[in-house]
Amino acid sequence: MIQPTLEFKGERVLLLDQTLLPLQEITLEIVSAAQMWEAIKSLRVRGAPAIGVAAAFGLWLGVKDVADNATRGEFLAQLEATHAYLATSRPTAVNLFWALERVNAALRASSLQTVPELKNRTLEEALAIMAAERATSEAIGAFGLPLLHSATRVLTHCNAGSLATTGIGTALAPIYAALAVGQRIHVYADETRPLLQGARLTAWELQKAGITVTVITDNMAGSVLRDQRIDAVIVGCDRVAANGDFANKIGTYGLAILAAAHDIPFYVAAPFSTIDFATPDGDGIEIEQRDEKEVTHVGAIRTTPEGVSVHNPAFDVTPAKYVTAFITDRGVIRAPFLEGLKAAQP
Ligand code: MRU
């Protein structure tokens, strides 16, 4: 078992710094909401479900020093302010907003009056979200496993594994579930430019788990899908709109089209905390634009001429028509997605 992305141990919030993997395995103690904001923004913690859990703990960090003799109103004002602040860290993964809202709503709905009780309740809710995300990972694994019953080769993009959740992942969960029943699936991992989540993170965690993995550059996916007898493509996602359009790491859209062109099933794994019924379709999903240095440099080395313009969206939107099925924690959902997702909604 690899080290968890996020842990709460002895009143301490601990994060595995994903920006340093695979070269260094460094655990950070996060002691303030500001530090959590920075950890989310700079992808020390990343992946939609993990971002949600991190934000929930960030809220607790933001209120844990409220004076014990303050009023309920003063406590809730600090909670709201921390909520608004953490919500500015990254825009695309809906789990961030979902988790912040869930903690905030639990506190507003409680009749607790004293600050120590309110602090405990905040922490309890963050812990509950962490436990729930672990359980949803397991469920996604169990529901996805039959889809891969005869699969030997699967291709994935970015990292939607245990590093991206507090459990066994989303896209990688059915692969871990297969391993648990003795079925060995070989994974092709897109390296996932520009931040290399596939090469650095997916390869790292699969190797640790004893799952064989072949890393390819993103522009090799078409030839691998044509030549390597890939049984399925499985990706995670950051937000699913009500109609089934979804945002995931940049490059997913092209991969979905390639899978369709080769008649290969294209599965999207997502817990219900990633489904955004308030956004009717993919056009309403805000796409994060990131620093141009991620494109102009590889590590500290500049690879483009000074002064060229750069486009660096962190995510793209794939139309629902390319999705074979969503693998959720409440079952496998096939088209029509609007109806299917609504019917399965908790
Ligand atoms: O920018 P990142 O690394 O946070 O992007 C992550 C992804 O795109 C994942 O595929 C997605 O969040 C699903 S994680 C279970």
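One-based numbering, in listed order, for ligands and for the atoms of each.
In this pair, Phe8 and Trp60 present their aromatic rings perpendicular. The plane angle is above 60°, beyond the 30 to 60° band.
Ranking the protein heavy atoms by distance from atom 4 (O) of ligand 1 puts Arg90 NH1, 2.8 Å first. Counting only heavy atoms of the protein, atom 3 (O) of ligand 1 lies nearest to Arg46 NE, 2.5 Å. Atom 15 (C) of ligand 1 has its closest protein heavy atom at Thr170 OG1, 3.0 Å. Regarding atom 7 (C) of ligand 1, its nearest protein heavy-atom neighbour is Asp238 OD1, 3.3 Å. Nearest to atom 5 (O) of ligand 1 among the protein's heavy atoms is Lys249 CE, 3.3 Å.
Arg153 places a side-chain N or O within donor-acceptor distance of the main-chain N or O of Gln228, the cut-off being under 3.5 Å.
Distances from atom 9 (C) of ligand 1 to the heavy atoms of Thr165, Asn248, Ile40, Leu195 show the closest one on Asn248.
The shortest heavy-atom distance from Ala93 to ligand 1 is not under 4.0 Å. Under the 4.0 angstrom criterion for non-hydrogen atoms, Asn159 is in contact with ligand 1.
The atoms of ligand 1 that sit less than 4.0 Å from any heavy atom of Ala48 are 12 (O), 14 (S). Below 4.0 Å from some heavy atom of Phe315 lie the following atoms of ligand 1, by number and element: 1 (O), 5 (O), 8 (O). Within ligand 1, the atoms closer than 4.0 Å to a non-hydrogen atom of Gly47 are 4 (O), 12 (O), 14 (S), numbered from 1 in the order shown. The ligand atoms of ligand 1 that sit less than 4.0 angstrom from a heavy atom of Ala160 are 14 (S), 15 (C). Heavy-atom contacts of Gln197 reach the following atoms of ligand 1: 1 (O), 2 (P), 3 (O) (cutoff under 4.0 Å).
If you look at Tyr188 and His186, their ring centroids are closer than 6.0 Å. For Phe272 and Trp98, the gap between ring centers reaches or exceeds 6.0 Å.
Legend: residues meeting side chain to side chain donor-acceptor pair (under 3.5 Å) with Thr170, ordered by chain and number and at least two apart, are absent.
Side chain to side chain, Thr202 and Asn159 meet the donor-acceptor criterion of an N or O pair below 3.5 Å. For the residue pair Tyr176 / Glu205, a side-chain donor-acceptor distance below 3.5 Å is found, with atom types taken as modelled.
Ion pair Arg44/Glu38 flagged as a salt bridge, since at least one NZ, NE, NH1 or NH2 atom sits closer than 4.0 Å to an Asp/Glu carboxylate oxygen.
Within the structure, every pair that satisfies the side chain to side chain donor-acceptor pair (under 3.5 Å) test and touches residues 245-261, not counting sequence neighbours, is listed here: Asn243-Asp245, Asn248-Thr252.
Only the backbone of Cys237 comes within 4.0 Å of ligand 1, judged by heavy-atom distances.
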